[in-house]
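Read through the structure below, which is laid out as structure tokens, and then see the notes.
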Amino acid sequence: MRDPVLRAELRKASVWFGVGAAMALVVLLVQPLLIIFGGLVFASMLDGGVRLIGRGLPFLPRWLRLLIVVVLVIAFVSGIFYLTGIQIAQQIEELRGRLNDQTSRVTTFITSLGFTPGASDLTGMAQQALGSVGRLTSAVGTVLGAVGSLIMVMTIGLFIAIEPRLYERGLQWMVPMGARDEFAVTLARMARTLRVLLAGRLLGMLFEGVLTGILLGIAGVPMALLLGIITGILAFVPNIGAFVSGVLMVSVGFSAGTDQGFWAIAIYFGVQTFDGYVLIPLVARRTVDLPPALTLSAQILASTLFGVLGLALADPMVAMIKVALERESERAAKAGARSERKSRWKKRDEAPDAAP
């Protein structure tokens, strides 16, 4: 053990062993890690509301502004369910029946053409495909697991939003002292990016949900209120959420008639076009502009590995990784420029004096 070569090899082995142990812990603790990250996302939403109120009412203490945000959110959700709860419950049952009928019609039509196996085989294939997704977090798929995870996410987010500086200092203490300043800057950029990203996502959810519900109601599509709420909720998950809400919208539209079906298609493409070419670019100017292919790829990987919760959090995770990589690139560029200046001054000092 006194041999320096042996100690150096042991240090290298301990690094590799630590990396392997960290990867194993991530695999084993993926569900709690996702819940913690979801709490950070929820805390960013609350913090964004607190900062927004602080711009208009800066004299209010932070805890009071946070209380106002929480009360407003609870009042908004409770008001919607109080005013439309019975109607939403009835429309959910009706939506389930209409989707079953439409699925049976489409399956029967495709089977009659000879392109696919029978309906029983299709059901088995669908169950097998769904069962292979998110095996690591199968508990999230159950109602009890989903409700428990949601409660934990909201609790963690609320505690972090109450005193975020405490947790920021705790993270900085885990970094070597020489890198704490750079880490603090990176952490601040991540927090701001996450706040703006989620603010844009909430704005898109509100826009898509309200506009879709109003237009579907005007066009005479059944269950316009429920479809608007579903569209707004699924808008939190880009790409995949819009596709799922579009399928539901078009299926319900054609179940009521051909005219309603074509109106549903027109409304879907109109809302998505405006959201994609007007609203999202405006938000992307103030936050991380994520390429759609990158986001979709991350969603596919996250949903396959981590289930529904990974699918919902894939976009914020990619944004955080991109901010960290950009910050590391800036730090490396600054270090390179600093070393280049030092080498230039060193050559200048070592150069012989010019002749008089």
Side-chain angles (χ1 to χ4, degrees), residues 22 25-26 29-77 148-203 236 283-288 290 309 312-332 334-335:
L25 286 176
V26 168
L29 302 177
V30 61
Q31 179 69 20
L33 290 176
L34 285 176
I35 292 176
I36 293 172
F37 184 74
L40 293 175
V41 172
F42 184 68
S44 298
M45 293 182 183
L46 296 178
D47 188 59
V50 170
R51 291 172 181 266
L52 184 62
I53 295 178
R55 292 182 179 180
L57 302 173
F59 54 88
L60 293 180
R62 179 179 176 82
W63 67 268
L64 184 57
R65 285 179 282 160
L66 179 60
L67 180 62
I68 293 174
V69 172
V70 173
V71 170
L72 289 178
V73 172
I74 295 176
F76 176 75
V77 176
S149 299
L150 181 61
I151 293 175
M152 286 186 287
V153 166
M154 296 176 66
T155 303
I156 293 173
L158 185 60
F159 281 134
I160 295 176
I162 292 175
E163 196 172 359
R165 300 297 181 186
L166 175 63
Y167 301 96
E168 291 180 5
R169 290 195 300 267
L171 289 176
Q172 293 176 13
W173 290 341
M174 299 174 65
V175 179
M177 294 186 63
R180 287 182 182 178
D181 294 337
E182 293 289 337
F183 181 74
V185 176
T186 303
L187 199 62
R189 289 192 181 183
M190 284 185 173
R192 182 188 178 279
T193 300
L194 191 58
R195 287 195 303 269
V196 179
L197 179 67
L198 294 175
R201 192 72 76 241
L202 292 176
L203 181 61
F236 184 80
V283 176
R285 292 177 183 176
R286 301 178 59 87
T287 182
V288 180
L290 299 177
L309 192 57
L313 299 177
D315 195 24
M317 284 191 288
V318 173
M320 297 297 96
I321 293 173
K322 186 176 180 181
V323 171
L325 293 177
E326 289 177 349
R327 180 60 186 166
E328 182 65 21
S329 178
E330 292 179 5
R331 189 193 64 80
K334 290 180 180 179

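In this chain, residues are counted from 1 in sequence order. Values in this document were obtained by computation on a predicted structure and should not be read as measured data.
Judged by distance alone, the side chain of S329 and the main-chain N or O of L325 form no donor-acceptor pair under 3.5 Å. Between the side chain of R189 and the backbone N or O of V323 there is no donor-acceptor pair closer than 3.5 Å. The backbone N or O of L60 lies less than 3.5 Å from a partner atom in the side chain of R65, making a donor-acceptor pair.
To the nearest 0.5 Å, atom NZ of residue K322 and atom CE of residue M190 are 13.0 Å apart. From F42, atom CZ reaches atom CD1 of I160 across 11.0 Å, with rounding to the nearest 0.5 Å. For the atom pair CD1 of I53 and CG of L66, the computed distance is 9.0 Å after rounding to the nearest 0.5 Å. The distance from atom CE of M320 to atom CG of L187, rounded to the nearest 0.5 Å, is 10.0 Å. Within the model, atoms CG of L57 and CG of L52 stand 10.0 Å from one another, a figure rounded to the nearest 0.5 Å. In this structure, I156 CD1 and L40 CG are separated by 8.0 Å, a value rounded to the nearest 0.5 Å.
Within the 4.5 Å cutoff, the side chain of P176 has no heavy atoms near those of the F183 side chain. Side-chain contact between R180 and W173 is present, with heavy atoms from C-beta onward closer than 4.5 Å.
Within 6.0 Å of the CZ atom in F236, the count of heavy atoms belonging to other residues, nucleotides or ligands exceeds 12. More than 12 heavy-atom neighbours from other residues, nucleotides or ligands sit within 6.0 angstrom of CE on M317.
The nearest pair of heavy atoms linking F159 to Y167 is O-CE1, 3.6 Å. Residues L198 and S44 approach most closely at CD1-CB, 3.7 Å, considering heavy atoms. Here the closest heavy-atom approach between residue L197 and residue A319 is recorded as CD2-CB, 3.8 Å. Looking at every heavy atom in both residues, P316 comes nearest to L194 through CB-CD1, 3.8 Å. The nearest pair of heavy atoms linking G157 to A43 is O-CB, 3.3 Å.
Within the structure, salt bridge (charged side-chain N to carboxylate O under 4.0 Å, His left out) pairs that include any residue of residues 34-48 comprise D47-R51, D47-R62, D47-R195 (at least two apart or interchain).
Electrostatic pairing of E326 and R331 does not count as a salt bridge here, judged by no charged N lying under 4.0 Å from a carboxylate O.
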Legend entry - Full working for side chain to side chain contact (heavy atoms under 4.5 Å, CB included) between F37 and I35: CA-CA 5 Å; F37 184 74; I35 292 176; over 6 Å; no
